[in-house]
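Note sheet for the following structure.
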Amino acid sequence: MHDIKAIREDRDGFVKALSRRPAYAASAGAEADRILEKDKALRDVLVRLQTQQARRNEASKLIGQAKAKKDEALAAALMAEVSELKEGIQKGEQDQRDLEKDVRDLLAVLPNLPADDAPQGADEAANVAMPERAFGTPVQSNSAKQHFEIGEALGQMDFERAAKVSGARFVYLKGDLAKLERAIGAFMLDTHTEQFGYTEVSPPVLVKSGALFGTGQLPKFKDDLFRALAGDGAVHVGFVDTHNKSHEEVAKLIAEASVPSDEAGHWLVPTAEVPLTNYVADEILSEADLPLRFTAFTPCFRAEAGSAGRDTRGMIRMHQFSKVELVSITTPDQSDAEHERMTDAAQIILKKLDLAHRVVTLCTGDMGFGARKTYDIEVWLPGQNAFREISSCSNCGDFQARRMNTRFRNAEGKVQGPVHTLNGSGLAVGRTLVAILENYQQADGSVAIPDALQPYMGGRKVISKT
RNA sequence: GGACAGGUGGCCGAGUGGUUGAAGGCGCACGCCUGGAAAGUGUGUAACGGUGAAAGCCGUUCGAGGGUUCGAAUCCCUCCCUGUCCGCCA
């Protein structure tokens, strides 16, 4: 969420930054002007309304004093005056609510402004390589199998039965592959907590809509989410007047007043970023406690609404997958350094697993809604003969903090404004498993276990068909 | 799911229609006291918004949203959350 004051005070600067996102290249100016128009109308209403409220408050106090002095005539005169103000005040309050909602609704769907050093570009082709962060040598091989061929041949990865039970984009892992997923998660958590000071968290994976608004998935991206409703999801809303009505009439009125609402039920988290970041929602944190660093190993659920036909084979794009997430809450002046540190933490995992990868800075056309700057880590998959995203580390600046209403105060107790939030995968566990299968596959169909994971796999060195 | 009881400032906690943004306490900050500290003592200590060059002035906020009233932390309605008991349940 953008700071309306910032748009008001520097409209052109806002438009310039927003128009760096290709989707807003043409419309940024019009967006800003629509918002500013509503904002101006709101402030006009406030000036008028507050004058009336001030007089009402003053007169109300005088009424209390007059009544205390038994001066009923004065009290009656004042009450008549306030009575006349009432209509205007109620109208003003309604206008205020409407205009505040208008401004908020317009702001809520606008993406974050790219950082100055986020490269300009239309799509992923314009992402900028970071050679200083590249690691390892991609192994080209004509004989390399894809992960699902390896997993299915091992008899430990079953898409057909998953389709029977849950449909497309689900998988059963069994035996050593199921254990390997757990081992990868445990290895990642241990690394982040022990080497990087993250606090391990086991968060809720069903959340209310307010949390998804806070991190920016709602209201704009609800089609990407799964929703969990109790029963048929009907919710009783509003007041039903049962006076002098038959049972049938009351039942009908209740049914009419019961509708699915956007507030009803829960949503399945698309990433642990949501519960980890919203942990501090509506709080004023102490600067001394920052940065906060959280990590969690959770399932993630995504509808993949816009991905029909993409990555249909294998485990690359699932409705449900495991991920270890990293979230940092920092002061504004720390967030750039924290972004580099978080990316280091994510990369360490791949380095310890000896998996070749590269890192790119996303261009303005490829960045997510809430990010001001993003690094993607792409791991080499010899079976696909390609680099594939395995982590995305973003600095969201104060964008999520404004939506969540999370601020911090300094040592003197003075509120300093919104915190900065960052999130990154550390890493996608399913895709890490894919990368291990493809990079550690052996000619006989078995898969070597990376050294770093052997302690988590009972000291074993290889996964074979059982 | 049912029945009660609650949700007040950084924390605890008073407050059931009229100068209550809110007593009191804790915590915190600064001062006095002290050789220094503790104790004691004094003062201060919410957020957000509008307006203004600023000082300031004004408004809103006592879980959230509506309503009643000249006036709501206080009365009414809806929702959310917490606690206790019952039911069900991993």
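Proteins get letters first, then strands, A, B, ... in listed order; numbering begins at 1 in each.
Checking the phosphate oxygens (OP1, OP2) of B:G50, no side-chain nitrogen or oxygen of A:Arg48 falls inside 4.0 Å.
We find that CZ of A:Arg55 is positioned 16 Å from C1' of B:G59, with the value rounded to whole Å. The distance between atom CE of A:Met79 and atom P of B:G17, rounded to the nearest whole Å, is 17 Å. Regarding A:Asp282, its CG atom lies at a distance of 16 Å from the C1' atom of B:G9, rounded to whole Å. What separates CG of A:Leu206 from P of B:C80 is a distance of 16 Å, to the nearest Å. Atom CD of A:Glu81 and atom P of B:G71 are 13 Å apart (whole Å). Here the P atom of nucleotide B:G49 and the CG atom of A:Asn405 are 10 Å apart, to the nearest Å. Summarising the geometry, the separation between CG on A:Leu285 and C1' on B:G10 is reported as 12 Å, rounded to the nearest angstrom.
A:Arg11 has a carboxylate O that lies under 4.0 Å from a charged side-chain N of A:Asp33, or vice versa, which qualifies the two as a salt bridge. Between A:Glu31 and A:Arg34, at least one side-chain nitrogen of the basic residue sits less than 4.0 Å from a carboxylate oxygen of the acidic one, meeting the salt-bridge criterion.
Taking the six-membered ring where the residue is Trp, A:His339 and A:Tyr375 present parallel rings, their angle staying beneath 30° rather than reaching 60°.
Relative to the side chain of A:Arg407, the nucleotides B:C58, B:G50, B:A47 differ in distance, and B:A47 lies closest. Checked against B:U60, B:U51, B:G49, the side chain of A:Lys5 finds its nearest nucleotide in B:G49. Relative to the side chain of A:Lys86, the nucleotides B:G71, B:U60, B:A47 differ in distance, and B:G71 lies closest.
Shown here, B:G56 forms a base pair with B:U51; the pair counts as Watson-Crick or G-U wobble because both key distances fall under 3.5 Å. Partner assigned to B:A46 is B:U61, using Watson-Crick or G-U wobble distances below 3.5 angstrom.
A cation-pi contact, defined as under 6.0 Å to the ring centre and within 45° of the axis, links A:Arg403 to A:Phe213.
Both A:Arg43 and A:Gln90 lie near RNA chain B, and the one whose nearest nucleotide falls closer to the 5' end is A:Arg43.
A:Arg402 comes within 4.0 angstrom of nothing in the nucleic acid, heavy atoms only.
Taking atom P on both nucleotides, B:C58 is separated from B:G65 by 24 Å, rounded to a whole Å.
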- Message: Before you tell me yes or no, could you show the steps for A:Phe399 and A:His420 under ring-ring contact (aromatic ring centres under 6.0 Å, His included), namely the whole-Å CA-CA distance, both residues' side-chain angles and the distance that decides it to 0.1 Å?
- Response: CA-CA 8 Å; A:Phe399 186 78; A:His420 279 200; over 10 Å; no
